[in-house]
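Along the sequence shown, the residues carry numbers beginning at 1. The model shown is predicted, which means the values in this text are computed figures rather than measured ones.
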Amino acid sequence: MGSLIINNYLGVLQFGAWPIVSSAVWMMTSSTVIPVQMSDTQSETNDKVAKSDSRSFENRSGDVAEDSTSGDGNENENNVPNESYSASDKTAEVPVEKTEVKDPSKGSNDSKNELEDAPKTGTFSDVNGEGGEETIKEAGDMDQEIDTGNQADRPDQKIEDSSKEAENDDDTKKDKKSEQDEVSDGSKNKDENNEGPVEEKLEQDGDKNTPQDFDGNKEGDQPKDTGGNEVFPSGAQSELLNETNTQNGAWSSQAAESKNEKEVQILSSPDGQNFDSTWKLCNVTTGEDYIPCLDNVAAIKKLHFTGHYEHRERHCPEEPPTCLVPLPDGYRLPVRWPNSREKIWYNNVPHTKLAEVKGHQNWVKVSGEYINFPGGGTQFIHGALHYIDFIQESLPDIAWGKRSRVVLDVGCGVASFGGYLFDRDVLTMSFAPKDEHEAQVQFALERGIPAISAVMGTKRLPFPSKVFDVVHCARCRVPWHIEAMTALTTSMCWELVNKTADELNQVGLAIYRKPIDNRCYEKRSEDNPRLCQGSDDADAAWNVPLQACMHKVPLDSASHGRQWPEQWPQRLEKVPHWLNNSQPGVYGKPAPEDFVADYEHWKRVVSKSYVSGMGINWSTVRNVMDMRSVYGGFAAALRDVKVWVMNIVSIDSPDTLPVIYERGLFGMYHDWCESFSTYPRTYDLLHADHLFSKIKKRCQLRPVIVEVDRITRPGGKLIVRDDVNTIGEIETMVKSLQWEIRLTYSKDNEGLLCAEKTLWRPKEVETSLP
């Protein structure tokens, strides 16, 4: 059941985001919502044939080595409702360790990264229509233990983690309680089966100190030896080390699918060899809220027409910026989830316009040093949970958190609808434009609710077709009277399944269902809105113009969206129905086996390395991005952690994003040679698995790291898994940005890096606007 939920106020139905051709808006809606079920009529197969070459990619070793730990001694975080640190406070202390194997620049083997000839078989094409093949290689056993140690404080870079504890719901204590992230105890043991020496380095203001053992346990009597923490897997466990990247029509990249995308600049810049460590603050009118591809004033001024919200779409600078975004004055560590859903620090998002114009609708209210969110919205001023339950009562088949798992919220405001759907085990992709409704998406992200800055204008949204279970629109800026809406949906073959009224909120509600087959389309007396041509690829979404047409329901059993997914949570582990044994997966195994192996791999890495072995205090982590997702295994492995993960599928990578949605997860397409459509200081943790070594073949690495710095919160972490040369380049750059290196490790030309962003910002400002 693909459903569209629209509510109205005083009898006026509204849908869409902006005043454009109605069927163009509906084209996107109908092509991104899953039909109820699919009939077994004769299939229509649309074969794709593409040229393919082969290439050998770098070895992707797995997890964190046995008994390697980098602890975090904060154990009571979930009981602390709020915490803060000031951007002006320079006395913060966070003990940090850096565990490092050899100098990555010495003794590395570059041959694994060179292009090699291979048979023209496989499944994908890259951004240039070329393919590559990656073979599976297993790492040897490694049972070595890594020492842990303490690092002295850098007052100008560390982050003070203080908290404000609420006495009750109405009163807040005035005195602040200071906290520190501590490195958990570890033990230093000799490695009996070590394949190479492991060297640990600790830094203090640039000085390297001798590592020290911890003889006793820290506060709370944490055990010395955590055990079972892996940096890289043993040979028996090394499932997924390389990708097979060719195309036979079953898999393709988003770049290959999207006919109208920009040409990707092919650059090879050895950033690590000639690195300029001089940084300056951006000289932009948007200051600490700068989004390069949405705040390109020069490009926006050249637009001849803005009636379709072209000025709210992406217009990326020809040269990506290499300046740093400043912090707001008085910036503090964000309030932790779930308290952040109700209140955030005012200084972190110091905007009051929404409180002035939407306060009567219970969107936003300013209260002292906090901005509060009562949970209301334009159409549910008495709270989102009542509204969510009202929808369930109006259509029981919607089955929040079971049958309906992934939702698209159009024109989301501050995303309270999506924020409270978490209570029903529903994941919501919320979006709204960066417009006169000041900082609405920024408020959502600061609250710990997923959202992006986007608009239904002249281009398709960056999602695959037929992936959302429900599309929701609460008065999203296009006025539709009930008669006009009924006429439009009838001509689109969408069925009105219920129309009712919420007396508490005094709004009307209409729910429409997408057709499950093409019989209605074939019986229409008038082709309006028209059907898209058969050659139109519904999944092509990157810079593809939005058209006033609808795509037919797929009848091919090999197509995604052919049938409704399993109920949540079973769908998380279920192999998608369109993956079959005759189809090679991303890593070269049969696709179903590939899918399962990927999930097992990331469950092992997350449980043995990321959660317990890297010193990350997960109670401070809420907003997570997997910068190079394949099947969504990393996000799936974090299911039991109170985080949400934005899965990014690069436009030149295998187009596996439909698989991710089928699992009940979400994400979007992106080109990392451009800026991401989000505000600064958005994510608590970025994860990049063999991303940067691929990026630097297409564009310069320095602007990409600047973008990483822009979207990461102070105190946020970056985890990189890549070849040792790339790890060395990344480490050099983030060090120059005054990030703290929490852990580095390498073996057999594969490396692991964990770094933490600090409060540091340069003093000098660029002399000209970017």
Side-chain angles (χ1 to χ4, degrees), residues 15-33 127 252-264 291-296 298-318 320 408-412 429-435 441 451-468 471 473 476-478 529-530 532-533 535-551 646 648-652 655 657-658 666-678:
F15 172 73
W18 299 270
I20 62 177
V21 179
S22 61
S23 55
V25 174
W26 287 97
M27 185 283 297
M28 280 307 301
T29 302
S30 65
S31 67
T32 55
V33 182
V127 71
S252 62
S253 69
Q254 185 56 216
E257 293 167 349
S258 302
K259 303 177 182 65
N260 298 297
E261 71 196 12
K262 297 178 180 178
E263 291 186 359
V264 180
I291 305 177
C293 290
L294 298 181
D295 295 325
N296 188 350
I300 293 173
K301 286 181 177 179
K302 295 178 182 178
L303 295 174
H304 299 293
F305 184 70
T306 59
H308 294 165
Y309 274 65
E310 290 88 344
H311 58 304
R312 305 299 187 194
E313 295 180 324
R314 289 172 60 85
H315 301 280
C316 297
E318 291 184 7
L408 179 68
D409 189 15
V410 181
C412 63
M429 175 73 75
S430 301
F431 77 91
K434 187 178 185 183
D435 61 6
V441 168
I452 61 170
S453 291
V455 61
M456 282 186 183
T458 67
K459 298 178 181 179
R460 293 181 182 177
L461 295 174
F463 313 122
S465 67
K466 307 176 294 294
V467 292
F468 290 103
V471 174
C473 171
C476 35
R477 305 187 69 173
V478 174
R530 67 180 177 85
C532 301
Q533 295 182 359
S535 60
D536 190 301
D537 187 351
D539 289 324
W542 187 252
N543 287 341
V544 174
L546 194 60
Q547 300 181 65
C549 67
M550 301 179 298
H551 291 92
M646 180 69 76
I648 302 301
V649 173
S650 298
I651 64 167
D652 61 330
D655 187 4
L657 195 51
F666 68 4
M668 58 187 289
Y669 300 115
H670 185 61
D671 181 358
W672 283 115
C673 293
E674 300 177 358
S675 174
F676 191 71
S677 292
T678 193

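- Taking all atoms of both residues into account, the shortest heavy-atom contact from Leu294 to Arg312 is CD2-O, 3.8 Å.
- Residue Pro292 forms a side chain to side chain contact (heavy atoms under 4.5 Å, CB included) with just one option from Ser677, Ser675, Cys316, Pro320, and that option is Ser675.
- In this structure the side chain of Leu408 never reaches within 4.5 angstrom of the side chain of Phe666, judged on heavy atoms.
- Remark: side-chain polar atoms of Glu313 are paired, donor with acceptor, to backbone N or O of Lys459 under 3.5 angstrom.
- With a 4.5 Å cut-off on side-chain heavy atoms, Met429 and Met646 count as touching.
- Here the closest non-hydrogen pair linking Phe463 and Phe468 is CD1-CE1, 3.8 Å.
- In this structure, Val467 and Pro658 approach most closely via the heavy-atom pair CG1-CA, 4.4 Å.
- The backbone N or O of Pro464 lies less than 3.5 Å from no partner atom in the side chain of Asp539, so there is not a single donor-acceptor pair.
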Run Arg530 and Asp536 through salt bridge (charged side-chain N to carboxylate O under 4.0 Å, His left out) and show every step you take. CA-CA 13 Å; Arg530 67 180 177 85; Asp536 190 301; over 6 Å; no
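- Scanning all heavy atoms of the two residues, the minimum distance from Thr678 to Ile291 falls at O-CG1, 3.4 Å.
- The two atoms that bring His315 and His311 nearest to each other are NE2-CA, 4.4 Å, heavy atoms only.
- Side chains of Leu461 and Met456 form a contact here, defined as non-hydrogen atoms less than 4.5 Å apart.
- Asp409 places none of its side-chain heavy atoms less than 4.5 Å from the side chain of Phe431.
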Given Arg314 and Glu674, is the side chain to side chain contact (heavy atoms under 4.5 Å, CB included) satisfied, shown in steps? CA-CA 10 Å; Arg314 289 172 60 85; Glu674 300 177 358; 2.9 Å; yes
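- Between Trp672 and His670, the ring-plane angle classifies as perpendicular under the 30° and 60° cut-offs.
- Considering CD1 of Ile651 and CG of Asn543, their distance stands at 7.5 Å, rounded to 0.5 Å.
- For Leu546 against Gly457, the heavy-atom pair with the smallest separation is CD2-O, 3.7 Å.
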